[in-house]
> 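Structure provided below as structure tokens; questions to follow.
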Amino acid sequence: MREAAGGREAPGRVPVLLPYPFAGPFDYRVPRGMELSPGDIVHVPLNRREVVGVVWDGVAEGAVGDNRLRPVSARLDVPPMREDLRKLIDWIAAYTISAPGDVLAMALRVNAMQEAAPKLGWRRAEIPADTKLTKQRQAVLDALALAEPLGSTALAEAAGVSAGVVRAMADAGLLLPTDLTAAEAPRPDPNRPGPALSPDQEAAAQALRESVQKRHFDVSLLDGVTGSGKTEVYHEAIAACLRAGRQALVLLPEIALSAQFLSRFTARFGAPPALWHSDLNPATRRRTWREVATGVASVVVGARSALFLPFVDLGLIVIDEEHETAFKQEDGVIYNARDMAIVRARLCHAPVVLASATPSLETFYNVEHGRYRHLTLPQRHGGASLPEVQIVDLRADPPVRGDFLSGKTVAAMRETLERGEQAMLFLNRRGYAPLTLCRRCGHRVQCPNCTAWLVEHRARKILTCHHCGHAEPIPPCCPECGAESSLTAIGPGVERIVEEAARHFPGARILSMASDTLSGPNAAAEAAARIERREVDLIVGTQIVAKGWHFPHLTLVGVVDADLGLGGGDLRASERTVQLLHQVAGRAGRAEAPGRVLLQSFNPEHPVMQALQAQDLPAFRAREAAERRPGHWPPFGRLAALIVSAEREADAEEVAQKLGAAAPHGVGILVLGPAPAPLAILRGRHRRRLLLKVRRDIAVQKLLRGWLSAVSIPSQVRVDIDVDPVSFL
Ligand code: ADP
Ligand code: ZN
């Protein structure tokens, strides 16, 4: 018999962590004959239900007497949760001041614990050569010749026949049943030759290969201009990881980006990686989860939640576009997947690659303090030059009334399209117009649940709130004064830019790309393929077009409103604007033809516009750093936000005031607020914010715990804790 879990003091009982917001694990009795170790997945009774939990580390608490202790119901026959993942869960809970069970829920939410039922598929039987086959039956066999085995539906679709044909062929013995879940999928092959690397690329790749081979934790910043071949370089690190027999994880900020990633990866390694994101169907989810847990999946590419997959032997984590704020999860457990991935890598003794053309100030801080290694790729691949960036001064060259593109921008687009090249217009705003205003009474149509205007989506004929999702038909008359046809769209969204562009270029093939019109990686892949095949002349898009894409024929990028991100009091507004617009600019001229970027701005002198025009990111960073350092703003200090919310404003206010009165103080500690949040009402809840700012050498967690324990919070009030906030709404 194995020793009772970890030699506990109270044999016969184990702590079990449940995926609910309790303060810690609960004790359960180990029934006679059952052997349990930390990490085992179990069923236990909770009130009147049976729930899934994980046998946790540490000593059973012993608070509940033996006689009242309930027994573990069953140990599930699934791979146990490994120690590194358990430690990661504890670590995240402590860092984000969350209940460990809430963090566990993210690792169990995958809901893949149950054995996936075998899924029936079909192979071709041995068929005598002289067998006469109908056209339809031949089509089925032809489809299988391309891909075998296939499930019934997929097979019928691939062959263009009805499901009945497949069934009849099975009855006739022409098809053989097979277990699809057991099908050996081709695996990425690290020994296929990669591209010949440039000396800079090779130096970076070699450094990463060595890190992978050492099986040590370290962090490398792969800092390369757009189009410099960062992806090719970290592919080499993945190849080294596969040769070492370990698994690799690639985190992308936006799953729409996985489309191009998948095709490039497949071209390099001969087989696709496993894909992980929140929209996978349950069957794929279960299969992928098991393949990761059993080591069958050697490379996973995914969004934030892939961080919690049960890797057997994780040997490398790549975080592409490391500066992206999309790595921050803003609801539930508020955590930054980039930072937590670094924690996981440390627990697994694996290196991390942070790739970006515009690394964050936080990451540079760590480079400067010797914590991260700095690998640079200063040039675009194949001698492509960086695009030329020009500012279009909208004060001097204003668009005609009601339009948003200046004459200069339209002229540049015309030249580009006439040369047969592609152009892109970028505006980081979905929909048709951000505001609907009554010309008679001045009424602005607001969300009933939020402090926000409703955004018109003309194609869908609705007004919708981008914060809570509320949607209503576009009203025929002003809801305030009743005037007819007095409602006017104010300001542009991408839909409106598409309309304007179509007016200027009636013959152009325009593709609109926004997260609401292109949902999911498949739609994005299809769009990217059309662009690559040159079936599109003009792309109009939101931030979804900014990142990562490689469109060789795109030579002009026009930024409709370069000032858009600069408003508001966000600490990182300038940094983010530079990152986003530099990324967008980087889409232009990635092959032979040189690229050109036009930034439409009312503030040409703004340091952000100047930095973008000069393409001098180091100078911009130095300037930002000089502004943040004296006040100990991140990365030179630490922040944590408390967001107090309640349905009744008075409840939120009361708790916010109490928290304000109990705020920690001392040298190097400052609390700002309480103050109404910029989004003062969200989903019908009134919101107040407090911001804790401390010197870098002070840990915020201890302060936060003390602070929160000093104030009693009634059940109708919620206090969300956001450590290292990136959003200040
Ligand atoms: P980044 O990720 O830095 O923006 P990519 O990895 O997308 O750059 O590279 C830009 C383009 O150049 C891609 O089409 C890529 O395949 C190509 N490329 C980069 N390095 C090489 C190389 N050494 N040999 C061949 N093609 C390369
Ligand atoms: Zn709303």
Side-chain angles (χ1 to χ4, degrees), residues 193-206 208 221-239 250 252-253 257 259-269 318-324 353-359 375-387 431 434 444-455 457 462-472 528 531-532 546-554 579 582-592 595 645 677-687 729:
L197 299 181
S198 72
D200 285 335
Q201 291 176 335
E202 179 53 33
Q206 188 51 27
L208 296 180
L221 167 62
L222 183 56
D223 172 15
V225 299
T226 52
S228 58
K230 293 184 289 297
T231 317
E232 304 296 344
V233 169
Y234 73 64
H235 275 170
E236 295 309 305
I238 294 174
V250 180
L252 300 179
L257 278 181
Q260 271 204 342
F261 179 87
L262 287 174
S263 61
R264 283 180 65 178
F265 184 95
T266 309
R268 169 71 176 81
F269 293 102
V318 176
I319 303 164
D320 206 352
E321 314 286 4
E322 69 87 24
H323 61 278
E324 277 291 335
V353 180
L354 302 174
S356 176
T358 54
L375 305 173
T376 49
L377 300 177
Q379 269 146 26
R380 281 194 156 182
H381 167 69
S385 49
L386 280 171
R444 296 155 179 230
V445 185
Q446 283 243 346
C447 175
N449 315 317
C450 306
T451 321
W453 297 333
L454 291 182
V455 179
H457 284 245
I462 54 165
L463 299 178
T464 181
C465 172
H466 284 181
H467 298 288
C468 72
H470 167 86
E472 54 187 66
I531 296 168
E532 279 169 31
K547 305 157 197 170
W549 304 102
H550 182 70
F551 299 134
H553 309 291
L554 179 73
Q579 286 164 340
H582 187 80
Q583 289 283 337
V584 188
R587 298 314 107 208
R590 290 170 62 99
E592 302 80 50
S645 66
L679 252 172
I681 309 173
L682 175 63
R683 295 189 187 91
R685 295 177 72 87
H686 293 265
R687 303 166 80 240
L729 285 180

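Whatever order the structure lists them in is the order used to number ligands and atoms, beginning at 1. Sequential numbering from 1 along the given sequence is applied to the chain's residues. Side chains are part of it too, since the values below use all heavy atoms of this structure and drop only hydrogens, waters and symmetry mates.
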> Hey, can you tell me if Phe261 and Tyr234 have their rings parallel, tilted or perpendicular (30° and 60° cut-offs)?
parallel
> I want to confirm something. Looking only at heavy atoms, which of Arg587, Gln201, His550 is nearest to atom 11 (C) of ligand 1?
His550
> Run the salt bridge (charged side-chain N to carboxylate O under 4.0 Å, His left out) test on Glu232 and Arg268 for me, step by step, so that the C-alpha distance in whole Å, both residues' side-chain angles and the decisive distance to 0.1 Å come before the verdict.
CA-CA 9 Å; Glu232 304 296 344; Arg268 169 71 176 81; 5.6 Å; no
> Is it the case that ligand 1 has an N or O less than 3.5 angstrom from some N or O of Gly229?
yes
> Quick one: does ligand 1 sit under 4.0 Å from the side chain of Ala196, the backbone, both or neither, non-hydrogen atoms only?
backbone
> If we only consider heavy atoms of Gly227, is any one of them less than 4.0 Å away from an atom in ligand 1?
yes
> Just by distance, do the side chain of Thr451 and the backbone of Leu679 share a donor-acceptor pair under 3.5 Å?
no
> Side chains of Thr376 and Asp200: closer than 4.5 Å at any heavy-atom pair?
no
> Could you tell me, atom by atom, which parts of ligand 1 come under 4.0 Å of a heavy atom of Ser228?
1 (P), 3 (O), 8 (O)
> Mind reading off the angle at the Zn ion (ligand 2) between the SG atom of Cys447 and the SG atom of Cys450, rounded to 10°?
110°
> With a 4.5 Å limit on heavy-atom distance, are the side chains of Gln201 and His381 in contact?
yes
> At a non-hydrogen distance cut-off of under 4.0 Å, which region of His381 contacts ligand 1 (side chain, backbone, both, or neither)?
side chain
> Answer yes or no: is there a side-chain heavy-atom contact under 4.5 Å between Arg380 and Pro387?
yes
> Check Lys230 with Glu321, please: is the shortest side-chain N to carboxylate O separation under 4.0 Å?
no
> Is there a heavy atom in Val225 that sits closer than 4.0 Å to ligand 1?
yes
> Could you grab the distance from atom NE2 of His470 to atom OG1 of Thr464, nearest 0.5 Å is fine?
7.5 Å
> Under 4.0 Å from a heavy atom of Leu197: give me the atoms of ligand 1 that qualify, with their elements.
23 (N)
> Are Ile462 and Leu454 side-chain neighbours, meaning at least one heavy-atom pair lies under 4.5 Å?
no
> What atoms of ligand 1 come closer than 4.0 angstrom to any heavy atom of Glu232?
6 (O), 15 (C), 16 (O), 18 (N), 19 (C), 20 (N), 21 (C)
> Would you say the Zn ion (ligand 2) has Cys465 as a near neighbour, meaning an N/O/S atom of that residue under 2.8 Å away?
yes
> Under 3.5 Å between any N/O of Thr226 and any N/O of ligand 1: does that happen in this structure?
no
> Does an N or O anywhere in Pro195 fall below 3.5 Å from an N or O of ligand 1?
no
> Do you see an N/O/S atom of His466, backbone or side chain, under 2.8 Å from the Zn ion (ligand 2)?
no
> Return yes if a side-chain donor-acceptor contact under 3.5 Å exists between His323 and Ser356, otherwise no.
yes
> For atom 2 (O) of ligand 1, grab the closest protein heavy atom and report residue, atom and distance to one decimal in Å.
Thr231 OG1, 3.0 Å
> For ligand 1, find out whether one of its N or O atoms is nearer than 3.5 Å to an N or O atom of Arg264.
yes
